[in-house]
Number of protein chains: 2
Amino acid sequence: MKNTGDRRRTIYDVAKAAGVSISTASNALNGTGRTNAETRERVRRVAEEIGFRPNALARGLLSKRSHAIGMLTNDTYGRLTLPMAAGVSEVLVDHGVSVFLCATNNDPRLAQLHLEALLDRQVDGIIFTATRLDLEPPVQLSRLPIPVVYVFAEGPADSVTFFPDDEQGARLAVDHLKELGRSRILHITGPRDYLAARIRAQSYLDACGDGAEAMFGEWSEEWGHEAVQTVFARPGPKPDAIFCGSDEIARGVIDALRDLNVEIPTDVAVVGFDNWEVVARQTRPPLTTIDMELKELGHRAGLAILSLSKGEPVPAGITRLPCRLVVRQSCGSPLQSD
Amino acid sequence: MKNTGDRRRTIYDVAKAAGVSISTASNALNGTGRTNAETRERVRRVAEEIGFRPNALARGLLSKRSHAIGMLTNDTYGRLTLPMAAGVSEVLVDHGVSVFLCATNNDPRLAQLHLEALLDRQVDGIIFTATRLDLEPPVQLSRLPIPVVYVFAEGPADSVTFFPDDEQGARLAVDHLKELGRSRILHITGPRDYLAARIRAQSYLDACGDGAEAMFGEWSEEWGHEAVQTVFARPGPKPDAIFCGSDEIARGVIDALRDLNVEIPTDVAVVGFDNWEVVARQTRPPLTTIDMELKELGHRAGLAILSLSKGEPVPAGITRLPCRLVVRQSCGSPLQSD
DNA sequence: AGTTCATGCTAAAAGCTTTTAGCAGAAAAA
DNA sequence: TTTTTCTGCTAAAAGCTTTTAGCATGAACT
């Protein structure tokens with residue numbers, strides 16, 4: 001007779017079935033107060049039997065902690081957001097915390113609406129995510145009564161913020177190319193007004209020194225294509241490796257190189273950025289690239305908001321999580337490159 | 001003095017500030033009961049002034065409707081899920097309903113955990129989404145005390161289910177090609193064990209009649225590439241159009257055709273399926289394709305679960321939402337094709 | 001024997017809202 | 001004048017849980 005009725009079982013039902021008071025039932029189930037071991041066991045068995053599960057609303061109302069958080073995102077497409085969100089949800093579900101997804105489409109009205117709904121629901125915290133790293137949050141988050149964690153977006157001074165370590169990621173790519181004996185490395189990346197593009201480019205320039213060249217453009221395949229054509233059309237020495245600011249750009253680069261009959265990786269090695277599998281796996285040859293560990297980013301952001309919501313201290317400022325090099329075949333390997 | 005304090009304002013604060021009882025305050029704010037117009041106005045003004053917003057937890061506890069729903073998905077990557085989820089969230093936020101995102105990663109344990117959390121939170125309904133159309137839901141959803149809507153996944157008999165209209169979508173593609181004067185249309189698509197692949201293929205066969213050929217394989221670029229090579233290597237007449245089961249396949253097809261020096265769209269017209277912009281916009285030439293209207297699918301699913309949760313009747317069974325043809329340049333146009 | 005202590009349990013309050021039942025007063029009807 | 005009806009308001013209950021304060025009971029002290 002496991003909750004076959006229509007009504008959800010309450011702690012009142014448990015108490016009645018176990019022949020104790022409501023308080024004793026609660027204490028027994030939560031291990032609080034003073035309870036006889038035998039009674040405690042009986043109550044727990046009864047609760048299990050009738051399929052009792054505590055009402056999260058009532059619990060939240062009393063404890064002032066809803067054990068839910070909100071995720072505010074302005075990413076419509078979801079290439080970055082969803083893996084990240086999955087990471088957040090994955091790490092929090094084990095702590096009994098659920099995640100509200102709020103897609104704002106960069107619309108301030110919608111963002112405001114979502115934010116108010118979240119506050120009305122007494123969420124314990126908010127994770128704000130953006131894809132356009134440069135964009136202002138579409139809504140005022142600074143003076144909220146609950147903690148906010150920023151991912152892929154910079155919050156006000158002293159806020160808790162997570163980014164991938166673009167600087168280290170770029171270094172990873174360049175070091176890999178250098179280890180394989182490449183010396184004339186070119187960098188083709190996205191628009192200069194993206195912070196991530198600037199950081200990666202600077203890291204590349206620092207690592208490669210003189211002769212290094214960073215070409216800013218778009219986050220598109222087309223731009224990769226175009227940049228390669230430009231470079232190979234002009235006089236002077238040609239690069240023996242290209243580090244791309246995104247996998248999409250890398251894809252354009254690879255296509256353009258093939259059109260020019262340039263061998264990959266023999267003549268030119270190519271490294272991407274994103275490890276966006278649908279792209280990186282499908283290039284010919286498959287793309288060596290930098291993974292931003294989006295899921296791990298989600299884990300960390302989730303744990304951070306969890307700690308903050310409990311009042312535990314979390315180091316403020318920007319935390320940059322290491323990227324990972326994923327080796328496929330667009331660079332050759334130390335062994336086979338000769 | 002708009003909620004500058006630490007504590008959230010309650011209806012008790014409103015009542016006190018307006019000099020009325022709690023019940024009157026509630027009645028005035030909600031327009032229930034009998035209230036003098038003047039009093040009602042005063043209460044509302046006061047509520048506005050002190051920044052009162054009702055506690056959704058308390059409200060939900062009483063009304064037994066939490067005004068929240070859960071979205072259970074096993075899609076890790078999110079290409080289909082996130083636009084759909086954004087549609088759901090977008091349409092529901094205006095009705096004061098929020099959405100819990102639960103990524104199950106196809107892990108039954110995780111799915112069970114999420115499901116229990118949702119029930120504990122008294123959600124008003126659940127939207128279940130899958131990418132692998134053939135897969136069983138990772139958890140038993142049939143005997144739940146709350147309504148369930150299925151999207152991209154088939155529920156038990158008589159459940160409310162939404163799919164894109166694959167049959168109509170395929171017809172859209174074939175008709176477009178025919179209108180442009182193409183007669184030898186080939187179909188290259190994904191694995192036969194995907195229902196969507198089978199439906200699209202059947203629709204194509206019905207529309208094209210004898211001589212039509214559907215090639216099943218993978219949902220990958222590589223397969224598109226390979227299929228084209230096979231077809232163009234064997235003797236006999238060559239197709240003058242290729243309808244692809246996905247944009248990724250189309251991409252492989254286009255690349256392979258270019259390698260063979262076949263002109264697109266002059267010699268062969270290509271149509272994709274998905275309107276996955278990162279792919280469809282970046283092929284050369286840009287890809288004419290079928291859009292599944294994922295956001296609209298989300299809207300409809302959201303409205304359906306809303307109605308169901310209010311006890312309003314919703315037609316059971318599978319509803320298929322029309323797809324849309326997106327014309328780019330991979331087929332030419334009636335005007336420029338000569 | 002009288003006091004202190006520990007144990008196992010319970011009644012009641014608190015958390016915030018909505019709804020029900022009903023009270024007083026005034027107006028309308030008898 | 002008495003009764004009915006309507007109006008505007010309020011006290012209290014309900015929704016479900018956790019926590020606080022405290023009540024008996026029996027054991028261990030002084």
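All values derive from a computational prediction rather than experimental measurement.
- For B/T35 and B/N27, the side-chain atoms include no donor-acceptor pair closer than 3.5 Å.
- Contact annotation for A/T39: backbone-only contact, meaning every heavy-atom pair under 4.0 Å involves sugar-phosphate atoms and none involves a base.
- Remark: B/T35 is not in phosphate contact with D/dG8, judged by side-chain N or O atoms under 4.0 Å from OP1 or OP2.
- For B/A58, whose side chain is taken as the heavy atoms from C-beta onward, the closest listed nucleotide among D/dT18, C/dT19, D/dG15 is D/dG15.
- Here B/K64 does not reach the OP1 or OP2 of C/dT18: none of its side-chain N or O atoms lies under 4.0 Å away.
- With the nearest nucleotide of DNA chain D identified for both A/S26 and A/L61, A/L61 has the one nearer the 5' end.
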Evaluate B/T24 against B/S21 for side chain to side chain donor-acceptor pair (under 3.5 Å), listing each step before the verdict.
CA-CA 5 Å; B/T24 303; B/S21 75; 3.1 Å; yes

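- The main-chain N or O of B/L303 is found under 3.5 Å from a side-chain atom of B/S307 such that the two form a donor-acceptor pair.
- The pair A/D124-A/K64 does not meet the salt-bridge criterion, since no charged nitrogen lies less than 4.0 angstrom from a carboxylate oxygen.
- Between A/N55 atom CG and C/dC16 atom C1' there is a gap of 14 Å when expressed in whole angstrom units.
- One interatomic measurement links the two molecules: CD of B/Q122 to C1' of D/dT17, which rounds to 12 Å at whole-angstrom precision.
- Straight-line distance from the CZ atom of A/R40 to the P atom of C/dT7: 13 Å, rounded to whole Å.
- Rotation axes derived from the C1' atoms of the five outermost pairs at either end of the helix from C/dA1-D/dT30 to C/dA30-D/dT1 lie 70° apart, to the nearest 10°.
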Which protein N or O atoms sit under 3.5 Å from an N or O of nucleotides 11-13 of chain D?
residue, atom, partner, partner atom, Å
D/dA11, N7, B/S23, OG, 3.1
D/dA11, N6, B/S23, OG, 3.0

Pair A/M84, A/M71 - check side chain to side chain contact (heavy atoms under 4.5 Å, CB included), show working.
CA-CA 10 Å; A/M84 216 275 287; A/M71 241 189 88; 3.8 Å; yes

Passes side chain to side chain donor-acceptor pair (under 3.5 Å), A/T81 versus A/T73? Steps please.
CA-CA 7 Å; A/T81 293; A/T73 174; 3.2 Å; yes

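- The separation between B/N27 atom CG and D/dT10 atom P is 10 Å, rounded to whole Å.
- Listed pair A/T10 / D/dC16 fails the phosphate criterion, with no side-chain N or O lying under 4.0 Å from OP1 or OP2.
- In this pair, A/F100 and B/F100 present their aromatic rings parallel. The plane angle is below 30°, not in the 30 to 60° band.
- At least one cation-pi condition fails for A/R300 and A/F162: the charged atom is not both under 6.0 angstrom from the six-membered ring centre and inside a 45 degree cone around its axis.
- Ionic pairing of B/R8 and B/D13 is not present here: no N-O contact between side-chain nitrogen and carboxylate oxygen is shorter than 4.0 angstrom.
- Taking atom CG on A/L57 and atom P on C/dT18, their separation rounds to 14 Å, with Å as the unit.
- A/R34 comes within 4.0 angstrom of a nucleotide base, judged by non-hydrogen atoms across all strands.
- Heavy-atom distances to DNA chain C give each of B/R59 and A/R42 a nearest nucleotide, and the one nearer the 5′ end belongs to A/R42.
- Atom CD1 of B/I11 and atom P of C/dG15 are 16 Å apart (whole Å).
- Note on A/S63: every side-chain N or O is 4.0 Å or more away from OP1 and OP2 of D/dT18.
- Atom CG of A/N36 is separated from atom C1' of C/dG8 by 7 Å (rounded to the nearest Å).
- As rounded to whole Å, 15 Å separates atom C1' of C/dT17 from atom CG of A/L62.
- Comparing atom distances between the A/P54 side chain and each of D/dT10, C/dT19, D/dT17 picks out D/dT17 as nearest.
- Taking the ring axis of B/F52 as reference, the NZ or CZ atom of B/R9 does not stay both within 45° of it and closer than 6.0 Å to the ring centre.
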